[in-house]
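Let me begin by presenting the structure, written as structure tokens, before commenting on it.
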Amino acid sequence: MLDIKLIRDSPDLVRTTLQRRNLDPAKAGLDELIALDAAWRADQQRVNELRAERNAASSEIKKLSGDDRQAAIARVKALKDELASIEAGLAERSEQRDRLLRAMPNLLADDVPGGHSDEDNAEISRWGEPRQLGFEPRDHVELGQLTDTIDFERGAKVAGAAFYYFKREAVLLEQALLAYAARELMPRGYIPIATPDLAKDEILDGIGFAPRGPETQVYSVENSDLSLVGTAEITVGGYHGGEILEAESLPLRYLGYSHCFRTEAGAHGKESRGLYRVHQFTKAEMFVLCTPESSIEHHEEIREIEESLLKGLALPYRVVNVCSGDLGAPAFKKYDIEAWMPGRGRYGEVTSCSNCTDYQARRLNIRYRPEAKASPRIVHMLNGTAIAVSRTLLAIYENYQREDASIEIPEVLRPLMGGIAQIPSRG
RNA sequence: GGAGGAGUGGCCGAGUGGUCGAAGGCGGCGGUCUUGAAAACCGCAGACGUGCAAGCGUCCGGGGGUUCGAAUCCCUCCUCCUCCGCCA
């Protein structure tokens with residue numbers, strides 16, 4: 001969430017941000033929030049005064065006895081009743097205020113392009129040339145069938161549409177990709193961390209996911225406050241919740257491994273074929289906690305790492321700067337990296353990275369102490385995909401396919417697959 | 001699953017109704033001493049809210065209650081530990 005002080009001091013900045021995000025400030029309740037906050041502060045002040053009075057009167061009581069004591073107790077009781085009535089209103093106001101405050105999206109970086117959908121994302125670079133295959137490329141669904149390594153039909157039979165089985169070399173390929181991420185990132189200071197696949201709703205909410213409700217993308221567990229995580233961003237972000245970190249420990253770089261579960265409500269349509277949009281996949285996620293001064297720099301570093309991972313796999317890609325309308329509430333700025341996907345004949349998102357500045361950290365109350373004795377400050381948090389297995393595997397299948405439907409294994413992954421150099425066609 | 005015990009500041013740990021935001025220790029910071037460092041000694045130090053500030057308020061796992069007053073009493077939830085059972 002935003003700092004309430006920012007909203008008090010710079011309401012116009014917040015108003016402009018909402019407009020850039022194609023949100024109506026009135027509908028978002030900005031003015032309502034400002035009014036509510038002012039009223040809340042007035043109430044708070046009044047309550048403080050009454051409490052001070054009550055505390056003072058109360059501490060006198062122990063010195064009194066007899067009728068004086070009884071009279072004093074009666075006075076304090078009256079004060080208490082008055083206080084209770086204001087406190088009730090205060091609690092309600094504070095709740096409303098928090099609800100509106102938490103609903104405000106993050107500020108935007110100056111260079112976030114305006115726009116309404118992913119079509120308005122701004123391409124900023126390209127790397128690699130799509131291979132000249134010299135034959136009509138198959139898509140990964142067909143390749144998965146012909147190699148007997150991806151089984152969507154039985155996935156649907158057992159778990160429903162958009163579930164799948166990996167078999168044979170695909171299993172090794174998944175493990176190789178996950179190992180590849182660790183091998184590349186550990187030298188860069190990333191700490192591998194395998195996280196729970198479920199998290200409490202309050203953590204989901206802290207990261208900016210709506211755990212329940214009609215719009216949710218999240219599977220929740222009945223009769224509990226747990227949900228299946230959509231990304232390790234949730235569990236790694238929650239890892240330091242409520243803590244005050246030492247300045248020397250920053251930046252903290254994590255490589256979080258988890259399964260990811262997404263309902264993809266309302267997303268059934270064009271992209272529903274194959275691995276591109278599935279209900280479950282495995283992912284290695286980069287997560288960085290750093291000082292506010294360094295987050296922009298770290299964002300660029302994460303983007304650079306994501307590019308280097310794709311370069312290592314020799315997958316052609318382009319980088320886009322995600323436009324304001326396509327940006328989630330916690331993100332200050334986000335890059336998508338889109339690999340070439342021959343089966344679709346275009347680029348498709350395989351990784352992305354977001355600078356969420358202090359938005360999530362404030363909700364999760366993650367701070368650091370700049371130096372001894374100094375007051376704590378909110379950290380900045382960033383996340384980025386190292387490897388999303390499903391989409392990366394999709395891109396490898398389609399880019400490395402041969403005419404006979406066998407699939408070459410990218411050079412860097414072969415040592416991680418016991419030397420396997422190709423997936424044979426079994427068609 | 002059953003039975004007990006415990007959750008206090010960065011850490012350890014006192015504290016069973018008022019003067020406790022909380023002794024003491026460790027760690028931290030500043031200083032004295034020293035060529036420098038260590039040791040020793042002296043001192044300073046919680047978080048949050050509000051306020052220009054002084055201050056005031058809130059916070060002793062979470063929530064609720066009793067009381068004029070709760071770290072302290074009651075209820076409830078969570079977490080951890082020990083023992084038993086069960087499973088691996």
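Here is how names work: the chains are called A, B, and so on, in the same order as the sequence lines, proteins then strands, and each is numbered from 1.
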Let me see the working for A/Y276 and A/H140 under ring pair (Phe, Tyr, Trp, His ring centres under 6.0 Å), right down to the final yes or no. CA-CA 10 Å; A/Y276 194 75; A/H140 68 284; 8.7 Å; no
Report the residues that fulfil salt bridge (charged side-chain N to carboxylate O under 4.0 Å, His left out) with A/R183, sequence neighbours left out, ordered by chain and then residue number. none
Interatomic distance at C1', B/rU16 relative to B/rC60, whole Å: 14 Å
Side-chain N or O of A/K80 less than 4.0 angstrom from OP1 or OP2 on B/rG69? yes
Row check, A/Y335 ring normal vs A/R303 NZ/CZ: under 6.0 Å, within 45°: yes
Starting at CD of A/E246 and ending at P of B/rC11, how long is that distance when rounded to a whole Å? 11 Å
Does the protein touch nucleotides 55-65 of chain B at the base, only the backbone, or not at all? Give it as B, S and - per nucleotide, heavy atoms under 4.0 Å. -BSS-------
Using whole Å, report how far CZ of A/R75 lies from C1' of B/rC68. 11 Å
For A/Y397 and A/T149, which I'm curious about, is there any donor-acceptor pair between the side chains at under 3.5 Å? yes
Separation of the P atoms in B/rG13 and B/rC26, to the nearest angstrom: 15 Å
Who is the Watson-Crick or G-U wobble partner of B/rU67, with both distances under 3.5 Å? none
Return the nucleotide paired to B/rA22: Watson-Crick means purine N1 to pyrimidine N3 with N6-O4 or O6-N4, wobble means G-U with N1-O2 and O6-N3, both under 3.5 Å. none
Rounded to the nearest angstrom, tell me the gap between atom CD1 in A/I73 and atom C1' in B/rU67. 9 Å
Considering only atom C1', compute the distance from B/rC86 to B/rA3 and round it to an integer number of Å. 16 Å
With both distances under 3.5 Å as the test, what is the Watson-Crick or G-U wobble partner of B/rG4? B/rC81
With distance as the sole test, does A/T216 use its side chain to make a donor-acceptor pair with the main-chain N or O of A/V218 at under 3.5 Å? yes
Between A/R8 and B/rU50, is there a contact of a side-chain N or O with OP1 or OP2 at under 4.0 Å? yes
For atom CD1 of A/I4 and atom P of B/rG49, their distance in whole Å: 11 Å
Would you indicate what A/K200 reaches in the nucleic acid, counting non-hydrogen atoms under 4.0 angstrom: base, sugar-phosphate, or nothing? nothing
Need to verify one output field. Residue with the more 5' nearest nucleotide on RNA chain B, A/P376 or A/A72? A/P376
Which residue pairs pass the salt bridge (Lys or Arg N to Asp or Glu O under 4.0 Å) test with at least one member in residues 281-297 of chain A, sequence neighbours excluded? A/K283-A/E285, A/E293-A/R377
Separation of A/E248 atom CD from B/rG27 atom C1', in whole Å? 13 Å
Does B/rG57 have a Watson-Crick or wobble mate here (both distances under 3.5 Å), and if so which one? B/rC48
For A/I86 and B/rU50, give me the distance from atom CD1 to atom C1', rounded to whole Å. 16 Å
Carboxylate-amine/guanidinium contact A/K77 A/D81, below 4.0 Å: no
Calculate the interatomic distance between A/R362 atom CZ and B/rA47 atom C1'; express it in whole Å. 16 Å
Give me the distance, rounded to whole Å, that separates B/rC87 from B/rA14 when you measure between the C1' atoms they each carry. 42 Å
From CZ of A/R41 across to P of B/rG49 the rounded distance in Å is 12 Å
Think A/R369 has a side-chain N or O under 4.0 angstrom from the OP1 or OP2 of B/rA47? yes
Only pairs with both distances under 3.5 Å count, Watson-Crick or wobble alike; so what is the partner of B/rC41 in this structure? B/rG31
Please report the distance separating the P of B/rG24 from the corresponding atom of B/rC41, rounded so that it comes out in whole Å. 15 Å
Can you tell me the base-pairing partner of B/rA88? Count Watson-Crick or G-U wobble geometry only, both distances below 3.5 Å, and say none if there is no partner. none
Please give the distance between the P atoms of B/rG2 and B/rG15 as a whole number of Å. 32 Å
Between A/R54 and A/E82, does any side-chain N to carboxylate O distance fall below 4.0 Å? no
Considering Watson-Crick and G-U wobble pairs with both distances under 3.5 Å, what does B/rU72 pair with? none
Separation of the C1' atoms in B/rU19 and B/rU72, to the nearest angstrom: 16 Å
For B/rG85 and B/rG1, measure between their C1' atoms and round to the nearest Å. 8 Å
Look at the side chain of A/R367 and decide which nucleotide, out of B/rG49, B/rU67, B/rA47, has an atom nearest to it. B/rA47
Please determine if A/R414 and A/E408 form a salt bridge, counting it only when a charged side-chain N lies under 4.0 Å from a carboxylate O. yes
